[in-house]
Each structure stands twice: as C-alpha cells, then as structure tokens.
Protein chains: 2
Amino acid sequence: MHDAEDVDQELREHAEKLALTLSQGGMQKTTARVMTALLFSRHETMTAGELCESLRISSGAVSGAVNQLIPTGMIERVPAPGSRRDHYRFRKHAWATLMGNQNTLLASMWDAAAGGIKIAGREGVVGLRLDEMQDFYGFMQREMAALIDRWREQYDAGQA
Amino acid sequence: MHDAEDVDQELREHAEKLALTLSQGGMQKTTARVMTALLFSRHETMTAGELCESLRISSGAVSGAVNQLIPTGMIERVPAPGSRRDHYRFRKHAWATLMGNQNTLLASMWDAAAGGIKIAGREGVVGLRLDEMQDFYGFMQREMAALIDRWREQYDAGQA
DNA sequence: CTGAGCGTTCAAAGATCTCTGAAACTCGAC
DNA sequence: GTCGAGTTTCAGAGATCTTTGAACGCTCAG
C-alpha cells in the first residue's frame, strides 16, 4: 500500500524523468528540474531552501533557475506571510502561457521570411520557398493564439 | 542597384541571422546554419561541398548536420544524375512537417501528467495541477494536427 | 541601530557538447 | 578488379555553457 512517503518519492522520480525530457528539448537542466519539482510537489508552494535540499543543488543554482522561470510565466513568487523566505508556486494555466510565448518565435520566423522576400522577391526557387514559409507562419501565428484562447474558455467552463 | 552577387550576399546574411535565432531556440548551431543555407539558397539544391565552402565548415560537420536534418523531414537527399555527389534540398512543406513533429513532444507531456495522476490521483494540489496539464496537452495534441492539415489544404488550394 | 537570515552575484572549476582533421569506407566508372 | 571522388566516422582539441561556493547586500526583528 502507498503511504505518503512513497507517494512523494514516486512523484519525485516522475519529476526527474520529465525534467530530463525537457532538458533534451532545449531547456536548461536545472531550470527544468526546478520547474518539475514545483509541478509535482504535493505542497502548494516551495521555498528556495526546500528546492535546494530536494534537488541537491546550490542556492545559486536555484536562484538562477527561478529567475529564468518567472519571466516566462511558468512559476510565480508568492509573498510569504510572516517570513522573509520566498515561496514559489507553479502558476495556473502555466502551460497555456508557455505555448502562447511561442508566438514570439512564430513572429520571428515570419519576419525572416519577409526579409528574404524583400531581397529576392517572390519569384524563383528562393522566392517560392520563402513565400510558403511566410504563409505557414502567418497562419500559425493567427491560429495558435485563437486555439489557446479556446482551450482557456473550455477549461474554465469545465471548472465552473 | 542589386546585381546577382549582392543578392546572394544579402541572402546569406539573412540566413545567418535566422540560424542564430534558431540556435538560441535550442537547435544546434551548425545544423541551423546548414538548414538556413539551403532555405535561402537561390539554387534548387546544394552539394555537401558547396555547403562546406559557403559556411566554412568541415565536411564532417556538414555530414553530421545533414544527417540530423533528414530524419526530421526538413531536407532531403536528391539523387544526383551522373554524379556521385549528394545533393540536398529543402523539402516542400518542411515547416508543417517540423511543427507536426512537435506532436511527439505534446504526447510525452500528456504521458507525464497521466503518470503523475496515477500516483497521486486527481485530488489535492498536485492532482489538480496535473489534471489541468493533461487536459491542456490532450487538447493541443488533437487540435494541432487538425490545424496543420487545415493549413496544408488551404495552401495547396491557393497554389492550384 | 545591529544582527541574523536569505537571496543574489560572480569568478573559477567542471562538465558537456561540437568541430576539426584524418583515416576508413562506399560506390560508380573505367 | 582497381581507382578515385566523395562521404562518414571518430578521437582529440576547443569552445560553450553550468554549477558551485563564497562574498556581498538587502530586509526585518528586536
């Protein structure tokens, strides 16, 4: 039978596994570990000290990871009542936010295509390649934003 | 006035700029440079030798990059008539393919959420966080595939 | 005002990843 | 079957990125 200890242990293992996947997908290893630790924590929030201990990393590393996660909207600093310690929490709708941030990337791709077209026109082999690229990223930029909104509505409705 | 040389030169600069962006987004630097070189080339295809020379990298590096790009569906090897040299070409709909590959990632995220729920259930702070995550990635997986198909149809229709 | 507790910063150590250069290999032409 | 252009592989060099550990600084309690 599962007691609370076992559950924590297994959750941490899952957290580490996901962190590994994410780090292979380009995210920094420590950043990913901090994020998944918060994601799979049974507590509402965790302090920097708890993250240090749980992940066996230095406070400097935690500080760095946290300050990389906050601007992306994945986690937030929670004002700690009656304590100077910072508490961190995985944000609601963090995944949707993360995906929404991709729009910046989509926009750069569109821009890159546009820049090339400005130089080479829309004719010829380059022109046609770039035209397709621009069309694709224009489409994605429009539709992705709509898609995420749609999820938010659907999810919020389901909660009520 | 733009002559052909200038155009090539400017295209190459744009290619490098995009490669830099992509490499910051997690792609390998050389891989990104090879990809953008093919993307912004005014030729239909390029040989490995041309890529070496144009990017000032060793043939080993080209080989590595190319073999990383091919499985993703971004570029393809083109049978060269009457030459042993390999010719490489940026594939049609490469961007759509690339985005479609993300589905694998979306699926792993869904799996990670499912695994956590199996351990901790859907109640409590972890359970609710994971439930939201699973809902989001399930939604995205379904909708992204549909979205890409929609683009393909729309684009192919526009070409006809 | 002073001290304790925490978070942040930064230089240096360390780990990781990538490129090069050369040797090995492949495959078509003759 | 042999030659040779061209590609792939791989060990070692090199560049890059990360983490640590310690010093610094900030904030609140007393």
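Below, all heavy atoms of this structure are taken into account, side chains as well, without hydrogens, waters or symmetry copies. None of these values were measured; they are calculated from a predicted model.
Where A:Val62 and A:Lys29 each meet DNA chain C at their nearest nucleotide, the meeting point lying more 5' is that of A:Val62. Along DNA chain C, the nucleotide nearest A:Gly60 and the nucleotide nearest B:Arg56 are compared for position; the residue whose nucleotide lies closer to the 5' end is A:Gly60. Each of A:Gln28 and A:Ser59 was assigned the nucleotide of DNA chain D with the nearest heavy atom; the assignment lying further toward the 5' end belongs to A:Gln28.
Using bins of under 30°, 30° to 60° and over 60° for the plane-to-plane angle, the ring pair B:Phe90/B:Trp95 lands in the tilted bin.
To the nearest angstrom, C1' of D:dT9 lies 15 Å from CD of B:Gln68. The interatomic distance linking A:Leu20 (CG) with C:dT16 (P) rounds to 12 Å, in whole Å.
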>> Run B:Trp151 and B:His93 through side-chain contact (heavy atoms from CB on, under 4.5 Å) and show every step you take.
In response: CA-CA 10 Å; B:Trp151 175 78; B:His93 294 190; 4.2 Å; yes
Practice task
Evaluate the criterion ring pair (Phe, Tyr, Trp, His ring centres under 6.0 Å) for residue pair B:Trp110 and B:Phe139; output intermediate values, then yes/no.
Solution key: CA-CA 10 Å; B:Trp110 191 92; B:Phe139 179 90; over 10 Å; no
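At the phosphate of C:dT8, OP1 or OP2 sits under 4.0 Å from a side-chain N or O atom of A:Arg77.
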Where do N or O atoms of nucleotides 3-5 of chain C meet protein N or O atoms at under 3.5 Å, pair by pair?
unit_1 : atom_1 : unit_2  : atom_2 : d
C:dG5  : O4'    : A:Arg84 : NH2    : 3.4

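At distances below 3.5 Å, at least one donor-acceptor pair connects side-chain atoms of B:Thr36 with backbone N or O atoms of B:Ala32.
Hydrophobic clustering (ILVMFWY, side-chain heavy atoms < 4.5 Å, transitive): A:Met74 and B:Leu128 are in distinct clusters.
Contact annotation for A:Ala61: base contact, defined as any heavy-atom pair under 4.0 Å involving a base atom.
Nearest to the side-chain atoms of B:Ser58 among the listed nucleotides C:dT20, D:dT8, C:dT8 stands C:dT20.
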